[in-house]
Amino acid sequence: MTTLDSRPDREDLEHVDNDQHPVGHGRMLRKEDPRFIRGMGNYVDDIQLKGMLHLAILRSPVAHANILSIDTSAAQAHPKVKAVVTGADLAEKGLAWMPTLSNDVQAVLATDRVRFQGQEVAFVVAEDRYSARDALELIDVEYDLLPPVIDVRTALAPDAPVIRTDLEGKQDNHCFDWETGDAAATDAVFAKADVVVSEDIVYPRVHPAPMETCGCVADYERVSGKLTLWTTSQAPHAHRTVYALVSGLPEHKIRVISPDIGGGFGNKVPIYPGYVCAIVASLVVGKPVKWVEDRTENLVSTGFARDYVMRGEIAATRDGKILAIRTNVIADHGAFNGTAAPLKYPAGFFGVFTGSYDLEAAYCKMTAVYTNKAPGGVAYACSFRITEAVYLVERIVDCLAYELEMDPVELRRRNLIRPEQFPYTTKTGWVYDSGEYERALDHALEIAGYDDLRREQEEKRSRGELMGIGVSFFTEAVGAGPRKDMDILGLGMADGSELRVHPTGKAVLRVSCMNQGQGHETTFAQIVAEELGIPPDDIQVVNGDTDQTPFGLGTYGSRSTPVSGAAAALVARKVRDKAQIIASGMLEVSVADLEWEKGSFRVKGDPGRSVTIQDIAMRAHGAGDLPEGVEGALEAQICYNPSNLTYPFGAYVCVVDVDPGTAQVKVRRFVAVDDCGTRINPMIIEGQVHGGLTDGVGMALMEMIAFDEEGNCIAGSLMDYLIPTALEVPHWETGHTVTPSPHHPIGAKGVGESATVGSPPAVVNAVVDALKPFGIRHADMPLTPSRVWDAMQGRPTPPI
Amino acid sequence: MQVPAPFESDRATSVEHAIGLLDRLGEEARLVAGGHSLLPMMKLRLANLEYLIDINDLHGELGYVRVGADEVRIGAMTRHRELLESPELAALFPIFADAEAVIADPVVRNRGTIGGSLCQADPSEDLSAVCTTLNATCVIRGAGGERTVTMEQFHRGPYETAVEHAEILTEIRIPVRPNGSSAYAKVERRAGDWAVTSAGAAVWMDGAVIADARVGLAAVGPNTTGIPAISEALRGQEPSEELYERAGGIAAEACSPTTDNRGSADYKRHLADELTRRTLRRSVERIRAGEAGDSATDRSR
Ligand SMILES: Cc1cc2nc3c(=O)[nH]c(=O)nc-3n(C[C@H](O)[C@H](O)[C@H](O)COP(=O)(O)OP(=O)(O)OC[C@H]3O[C@@H](n4cnc5c(N)ncnc54)[C@H](O)[C@@H]3O)c2cc1C
């Protein structure tokens with residue numbers, strides 16, 4: 001447990017002032033927090049509309065079965081029920097299936113067959129939530145059980161039951177194949193290497209488990225023909241377009257509003273059948289309809305994450321020069337391929353599995369399969385599968401260190417990409433924009449006191465105590481992405497931004513990304529403040545309403561600051577350019593004679609003559625003359641298409657103690673040094689890092705969406721699916737270096753997922769290091785006491 | 001939001017009133033104390049009841065820790081938090097505070113009761129192990145009067161107890177014996193989780209040797225006997241690491257864990273051993289440190 005006493009004494013962290021009222025970048029308290037702290041947030045479930053009805057979904061109790069019959073008559077007869085709808089009813093309207101974000105299809109309601117436990121089978125619309133739920137009990141479904149496909153390793157066996165019988169001619173459970181890198185070159189390097197290490201590494205299925213579950217209120221207004229959907233969406237614009245394509249409603253008559261969101265982590269990127277059901281219900285019943293899933297529904301049916309069974313192989317010289325990495329992955333995509341990933345990247349950005357190292361060759365082959373489990377796959381702060389990639393490389397590098405009997409820090413140091421090699425093109429084709437890796441590594445080691453820790457470990461080992469030190473070094477690829485090669489369902493991944501400065505110099509910024517707790521209302525105001533010198537409190541940030549914001553693809557994969565943030569900076573500069581022309585008229589000098597001093601233009605060489613941005617705003621809206629050709633008002637709009645992703649990185653050190661008697665792991669210390677380029681609000685960055693580190697400890701030590709042999713999900717509550725509490729995490733020790741991104745307008749990189757990506761390998765490396773006396777080189781997550789004990793008995797077992 | 005099926009509820013104003021209501025409403029009625037076991041089951045629709053009889057107003061009548069000359073009486077409505085913070089229990093039976101500190105979380109502990117815990121009879125429930133360790137007896141009242149049963153008689157199996165339909169558990173009685181102390185240890189995957197395995201131990205010393213000792217385990221199959229083989233092995237012996245090891249070995253053999261989400265059967269068996277040793281060791285240390293109360297009479301002086 002973290003107590004005040006256990007906090008390390010670090011002046012710079014303990015005494016920072018988080019409320020420095022910056023006009024621009026710097027520490028400031030979050031503008032959105034007062035409403036959350038006072039319980040005045042406005043979430044989907046807070047929406048109350050006149051005459052609103054409630055929808056509840058009947059879900060399959062089994063993983064794989066044919067539906068023989070559905071009898072809804074008793075439910076229809078419930079006095080408070082307004083409608084009961086089955087897959088057959090939807091099929092009549094052509095709405096039984098919908099596209100997924102990966103160009104697969106997914107059943108909105110099952111018609112003839114259920115393919116995972118928790119799949120949507122029917123829905124009820126009733127006057128209140130209780131009655132809707134009660135009526136579900138009155139629906140009688142007859143199932144004819146089919147053998148389920150649960151083990152991903154045997155999903156492609158010739159005798160495996162075929163899951164996707166809905167797909168024309170489908171004879172197996174194959175979802176897709178994907179490869180990257182150069183197989184022949186990699187094989188050649190492996191053949192000549194002194195040392196080759198291979199390890200089977202599983203990244204189990206986990207769940208984002210946001211505090212707020214998914215839901216929506218659909219309100220179809222018959223007279224205007226307009227559909228308004230309040231929904232838990234991380235990508236309101238993308239959702240609107242998909243609804244237009246699915247339902248045939250014209251896009252301008254669909255308004256998607258994401259109000260406050262209680263955490264997303266990727267869970268709220270996909271379109272779930274429940275949303276479509278609510279829309280259909282509102283169309284049919286002509287009343288607003290609310291659907292909010294309960295905790296079990298969220299855990300068993302919505303977008304999971306990971307579920308990669310990987311074999312990692314690494315080739316190196318005896319003295320620790322890493323030459324190549326090769327990997328073979330079986331990816332479990334569940335019953336429908338619901339992964340959200342840019343279309344050209346079916347495995348997300350897993351291609352960065354070469355990590356932060358300078359290699360001669362790399363190759364990955366992946367096979368994705370269907371199983372009788374919930375669909376999804378994007379989710380949980382993974383930066384499009386970078387979590388899996390970083391875990392693989394950071395684990396396999398530690399395995400190599402084990403075999404070479406080399407310190408894992410030293411091994412990494414010898415192989416890190418050097419500063420002068422940037423921009424660095426990896427062997428799988430990614431162009432890392434900037435990095436000074438060794439500086440970040442050194443900083444983390446210094447905070448941690450690495451050498452002292454190793455000495456302490458040695459002493460403890462001699463006394464039979466189990467202390468472990470784990471290091472990870474990660475590079476992420478975030479900010480999807482350049483339109484030329486990244487799109488979701490054909491929608492390019494650029495983002496719009498509109499800025500309007502009011503006559504009195506206050507401003508409103510409209511962005512296409514979607515805040516879910518990241519602090520956008522503050523960070524984005526600060527970005528504009530830095531460019532225009534308007535205090536952040538004077539800038540309102542609007543997001544989450546397709547009628548009020550420019551088009552863009554939303555917030556996930558740490559893309560907000562890299563893409564929308566760039567758009568915000570550039571739109572502010574565009575406004576400033578116009579302000580300069582107006583200022584030149586006001587000061588009666590040429591534009592070239594003006595210089596910008598944050599918040600005002602002044603005459604070069606005559607600083608007494610200046611006008612503030614507020615003066616200029618009033619002039620822009622006033623009655624006086626404006627310079628030739630200048631329109632009134634002070635506003636601008638742009639769409640930003642990133643030229644590359646940004647590549648944040650970091651060095652993490654984790655210290656654990658393992659109880660030799662009970663095998664319980666205690667994370668004693670965790671040092672995280674992050675480099676996300678320019679730091680806009682360091683307090684918010686630290687908050688993002690703290691959250692991500694906590695996530696990482698959860699995945700490493702306790703989280704797993706597990707199934708039994710029948711395909712029952714045995715993680716359907718938060719007493720079964722464990723997420724960490726304050727008692728499981730130490731006082732986080734954070735540090736940073738700053739290596740700006742060369743192509744981002746303010747040099748910023750994404751940071752929302754860095755810690756979630758970087759921390760699991762650090763924790764696992766630490767636990768495995770603690771178990772070294774038992775001859776253990778690898779043990780899979782989640783490292784629960786029981787699984788750690790198994791490893792201590794010399795039989796570490798995979799979790800699936 | 002998970003919502004239960006429709007039900008009616010009433011508040012009992014006395015133990016007799018509660019018994020009367022149970023009797024009148026029949027099998028579809030159930031008592032609700034803290035509600036932290038029953039309400040989640042109703043919300044998940046694992047329990048569908050027509051009537052709830054709320055006995056929280058009986059906290060005045062049934063919420064107490066009373067120290068007598070040779071026993072401590074705990075009212076069934078005593079809340080986890082009251083057990084955790086009771087100075088009487090801390091002095092006499094430190095095992096309570098050890099266990100309560102790791103039962104659920106403060107929100108649950110503010111409402112959940114010892115009576116509800118024992119009556120729920122969840123196989124991983126901690127207070128049954130505590131009561132077993134301390135050789136407690138349970139007082140059950142019905143229309144026909146009161147009876148007292150041992151823990152072994154009380155606990156009939158998972159989710160099953162000796163409390164019949166129109167009956168109510170009113171009190172738990174714990175004998176106080178001189179020169180004793182106790183301890184509890186639990187392994188959980190995360191704070192607030194149910195036990196992977198827990199063990200409680202109580203030791204009474206006579207000079208340098210152990211006069212008596214008992215061990216109670218949770219989450220490793222039914223055992224409400226206090227594991228007599230351990231008591232036999234320890235009686236008359238001087239405490240030593242070898243002795244704890246022997247006791248641990250007996251505990252591991254005496255239990256019958258199963259493999260589940262929380263851990264493998266082998267691991268749980270190992271924990272039964274490890275935690276038995278730890279709690280015995282700690283109990284003896286406490287006696288030696290004079291930390292624990294000797295007997296109720298000593299305290300009352
Ligand atoms: C998140 C969470 C974590 C938990 N973790 C733990 C843990 O780690 N260890 C642990 O031991 N417990 C744990 N619990 C259970 C907790 O201790 C409950 O409070 C306890 O099991 C039940 O007590 P209650 O008063 O809430 O009973 P209720 O839920 O009100 O009742 C439970 C049952 O007992 C019956 N009942 C209640 N009182 C009486 C009585 N006087 N006479 C006859 N029948 C009665 C009821 O009819 C019902 O059937 C946890 C609970 C939660 C919600």
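All values reported here derive from a predicted model rather than from experimental measurement. Below, chain A is the first sequence line, B the second, and so on; all start at residue 1.
Contact annotation for A:Asp659: only side-chain heavy atoms (C-beta onward) come within less than 4.5 Å of a heavy atom of chain B. Residue contact with chain A, scored on non-hydrogen atoms closer than 4.5 Å, involves the backbone and the side chain of B:Asp266 alike. Contact of A:Pro782 with chain B is not made at all, since no heavy-atom distance falls under 4.5 Å. Looking at A:Ser717, neither its backbone nor its side chain comes within 4.5 Å of chain B, counting heavy atoms on both sides. The contact between A:Met719 and chain B is made by backbone and side chain atoms together, counting heavy-atom distances below 4.5 Å. At a 4.5 Å heavy-atom cutoff, the contact between A:Asp790 and chain B is made by side-chain atoms alone. Of the two parts of B:Pro4, the backbone and the side chain both hold a non-hydrogen atom closer than 4.5 Å to a non-hydrogen atom of chain A. When heavy atoms are compared at a cutoff of 4.5 Å, A:Leu783 does not approach chain B at all. With a threshold of 4.5 angstrom between heavy atoms, A:Glu297 does not approach chain B through any atom at all. With a 4.5 angstrom heavy-atom cutoff, B:Val196 does not touch chain A via any of its atoms. B:Gln2 touches chain A through backbone and side chain together, each having a heavy atom under 4.5 Å away.
Look at B:Arg262 and A:Asp720 and you find no salt bridge, because none of the NZ, NE, NH1 or NH2 atoms lies under 4.0 Å from a carboxylate O.
Listed options B:Ala191, B:Ser264, B:Ala185, B:Pro40 were ranked by heavy-atom pairs under 4.5 angstrom with chain A; first place goes to B:Ala191. Annotation: maximal heavy-atom pairing with chain A below 4.5 Å, among B:Glu274, B:His270, B:Lys43, occurs at B:His270.
For the residue pair B:Gly263 and A:Ser786, the shortest heavy atom distance occurs at CA-OG, 3.3 Å. In this structure, B:Ala5 and A:Asp134 approach most closely via the heavy-atom pair CA-OD1, 3.9 Å.
Rounding to the nearest 0.5 Å gives a distance of 12.5 Å between CG of A:Asp708 and CG of B:Asp260. Here the CG atom belonging to B:Asn261 is positioned 4.5 Å from the CD1 atom belonging to A:Ile714, to the nearest 0.5 angstrom. Atom-to-atom distance recorded for B:Leu275:CG and A:Thr662:OG1 is 7.5 Å, nearest 0.5 angstrom.
Within the 3.5 Å criterion, the main-chain N or O of A:Ala663 finds no donor-acceptor partner in the side chain of B:Tyr267. Distance alone, capped at 3.5 Å, places no donor-acceptor pair between the B:Asp193 side chain and the A:Leu722 backbone. Side-chain atoms of B:Arg190 do not come within 3.5 Å of backbone N or O of A:Glu728 as any donor-acceptor pair.
A:Glu137 is listed as a side-chain neighbour of B:Arg45, based on a closest heavy-atom distance under 4.5 Å.
Annotation: A:Glu709, atom CD; neighbour count of heavy atoms from other residues, nucleotides and ligands within 6.0 Å does not exceed 12. Within 6.0 Å of CD on B:Glu253 lie no more than 12 heavy atoms contributed by other residues, nucleotides or ligands.
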- Item | Check against side chain to side chain contact (heavy atoms under 4.5 Å, CB included), A:Arg295 and B:Met1 | CA-CA 7 Å; A:Arg295 180 63 57 196; B:Met1 185 172 71; over 6 Å; no

